[in-house]
2 protein chains.
Amino acid sequence: MTSNINPAPSATIYEVAARAGVSIATVSRTFADNGSVAPRTREAVLTAAQELRYVPAAAARALAVRRSKALGVVLPHIAGPYYAELLVGFELAASQLGLSVVLTLVAPNDRRAATVHELLGRVDGIAFMARSGADDDTVRRVAAARPTVTVARRRIPEADAFFAENRETARRLTEHLLAHGRRRIGFVGLAEGGSDIGRRHRGYLDALEGAGLDPALHLSVDPVEDAGFAVAEQLLADGAVHELDALVCGNDELAIAIIARLAAAGVRVPEDLAVTGWDDTRTARYLAPSLSTVRQDVSALGRLAAHRLAARIDGDPVQDPVTVDSALVLRASCGCPPVPPRPSSSVPSSAPSPKESR
Amino acid sequence: MTSNINPAPSATIYEVAARAGVSIATVSRTFADNGSVAPRTREAVLTAAQELRYVPAAAARALAVRRSKALGVVLPHIAGPYYAELLVGFELAASQLGLSVVLTLVAPNDRRAATVHELLGRVDGIAFMARSGADDDTVRRVAAARPTVTVARRRIPEADAFFAENRETARRLTEHLLAHGRRRIGFVGLAEGGSDIGRRHRGYLDALEGAGLDPALHLSVDPVEDAGFAVAEQLLADGAVHELDALVCGNDELAIAIIARLAAAGVRVPEDLAVTGWDDTRTARYLAPSLSTVRQDVSALGRLAAHRLAARIDGDPVQDPVTVDSALVLRASCGCPPVPPRPSSSVPSSAPSPKESR
DNA sequence: AATGGCGATGGAAGCGCTTACAGTGGCGGC
DNA sequence: GCCGCCACTGTAAGCGCTTCCATCGCCATT
């Protein structure tokens, strides 16, 4: 054990006022930049505060002004780059607006309404991100009590909504596969209505329809690695892999697992089968063949959500949903010529480069 | 625009009390599980609260009990899996303890002491994670005011410290390379004292020393992708690559970029040059050759930090630093026989599998 | 020299909740 | 039939801060 001394409670505005020889009102004004305080007085207050290591109690301020100056974020229990980027975008924007961020993780299945309810009491507004555990009912209830936004989540009329573009981009991606001469194109991923992957599936169907083609195959699985391996096993087992010439996957994770498993079984990607992903994860660049995918401006989604929430708190009404553009990132797995994975050349599109590091 | 109706301010304890025909003290007791309240009364209060959609104001409670029931986390502006996992571990533990998590991002360079100071006013304790922007002075100041813990960060006597094991594991990793017959082993990464990578470098030196060998090369660069490419360029340019037979990299990011660039130039990994990383990122599994690396139980670090913080807040004194074991993950890039990237077979060690998904 | 106006300051009333402390009434024991 | 105890409940005093309103000099006007 290193030390027994736990920090003493910090000074209050009263002690600062006493030490500076002024009233607490003056101390308060000094810290609230607006109030008019004589330079000498201000100086004295600042000095006293410094000496006392004064830290204003946010709770007291919140109580007095009836604003916590904090935003809540609800995320699923997932530590992938997608949510991390969303969160970073959100936090950056919030902190620039002078707002704190209170994070709550809610697993997709467990409906811990309690957690969210508690969160509600400490923030001025809440953002629900994608597959966060909270169900639509919870979101609706929250939206009735506080400004609320949703990101990549089924829309609720009472909340502002943000999405990355899915359908149109999926159509273009699928058309690109068609341009490579592929005709028997399958889709992998759970196509629930209202979900991102559901919309991607729609776009895929749009493209096929436009070309007068039928969907070759649809495997409804969770967009996770394990499911990708299972899908690949199945395709190999029932020989379906030979009746396909392309596979549009709901996300990179699926695509990567499928490619890895198929490659191990001797299926050549893209020669025998083109495969595409979605999300442009880091692995997509380094995989062999490098993965054609879609980059979403996820941090923009986070940023927009925070700004919208701040506006709502300041009295703005709910707005129509906003969609952020996505960009195709064409690499080798769709049949395009391979490009070595260099940072500079890995960003052929105009979308901002993803931040991913340690 | 969809709706003009912004949520009305929620009911207070007074309104609930009035509606239930009791005093506010009774309402308070009803929600604080401890107080003794007659079943009928409790029922009436609960009903009234339900009907009024009562949400207790956390700020008022915090003010009254002089506890915010919230923990602060300071992270760098980085959206990689490492920090995400840390954060998830932390949040899970905190929420199980009934504590909220307030997140603050501070870039490594910018010393926004202001942000941290503000955070200080709204939480009962703070965790500083790894390369978070706050410098040692800031941490020290915070530690003087509130219970504080650090994770993978230079130790401060006033704060509890948590680390993943680095030195010993790096020694074992380097010895493994020696066992593969490698003798001219270089190190890539900034070896600052007190940093994780600095400790890994120490372990690398330990192994060489134990074998009576000299370090072949040390390139001090930031542990980021771009630096990895630059390092590879340089090794190729000055021919140093031919004087080495192994490279221990400070993290996966460096290793992956180096392998990719070297492979493009015809250098065979691991035949010509063995390369190892650190962190066991997802890409490590899918890279060709698959990357030998080290898995750290990052979410355990987060969990431990949260628990320690909670204990400190309850009056526990500062404890000695705690180190969490790391595990070698040997794949192909060190010279071991390759293993196909299947989820089940990709986890040869006993460490928990990393969560990474979307 | 009296009058306004105004910048600077203090007084004091909350904000919504917790928690001593002080009842209040019913009930068993004597 | 009175007393004391106990389970409940109410009263009220804060917690630390903001902010309206009043006060007080002091200087520029008239």
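Just so it is clear, the structure is predicted and the values come from calculations on it, not from any experiment. Throughout, protein chains are lettered first and strands after them, A, B, ... in sequence-line order, and every chain is numbered starting at 1.
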Got a salt bridge between A/Arg155 and A/Asp136, using NZ or NE/NH1/NH2 to carboxylate O under 4.0 Å?
no

Pick base, sugar-phosphate or nothing for [X], based on heavy-atom distances below 4.0 Å to the nucleic acid.
X: A/Val27; answer: nothing
X: A/Phe31; answer: nothing
X: A/Ala25; answer: base

Any side-chain N or O of [X] under 4.0 Å from OP1/OP2 of [N]?
X: A/Tyr14; N: D/dT18; answer: no
X: B/Thr12; N: C/dG16; answer: no
X: A/Thr41; N: C/dT9; answer: yes
X: B/Arg61; N: C/dT18; answer: yes
X: B/Thr26; N: D/dG10; answer: yes

Validation row: A/Thr150, A/Asp160 side chains within 4.5 angstrom (heavy atoms)
no

Is any side-chain heavy atom of B/His117 closer than 4.5 Å to a side-chain heavy atom of A/Pro56?
yes

Kindly compute the distance separating CG (B/Asp297) from CG (B/Leu304), expressed to the nearest 0.5 Å.
8.5 Å

Atom-to-atom span, [atom1] of [X] to [atom2] of [N] - whole angstrom:
X: B/Ile13; N: D/dA12; atom1: CD1; atom2: C1'; result: 14 Å
X: B/Arg42; N: D/dT9; atom1: CZ; atom2: C1'; result: 14 Å
X: B/Arg122; N: D/dG16; atom1: CZ; atom2: C1'; result: 15 Å

Side-chain donor-acceptor pair under 3.5 Å between B/Arg122 and A/Ser100, yes or no?
yes

Candidate nucleotides [options], ranked by approach to the side chain of [X] - the nearest:
X: A/Ser28; options: C/dG16, C/dA20, D/dT18; answer: D/dT18
X: A/Leu63; options: D/dC15, C/dC15, D/dC17; answer: C/dC15
X: B/Val65; options: D/dC17, C/dT9, C/dT18; answer: C/dT18
X: B/Val22; options: C/dG10, D/dG10, C/dC15; answer: D/dG10

Under the 3.5 Å rule, do the base of D/dG10 and the side chain of B/Arg29 count as making a donor-acceptor pair?
yes

Result for 5'-nearest mapping on DNA chain C, choosing between A/Ile24 and A/Val37, is A/Val37

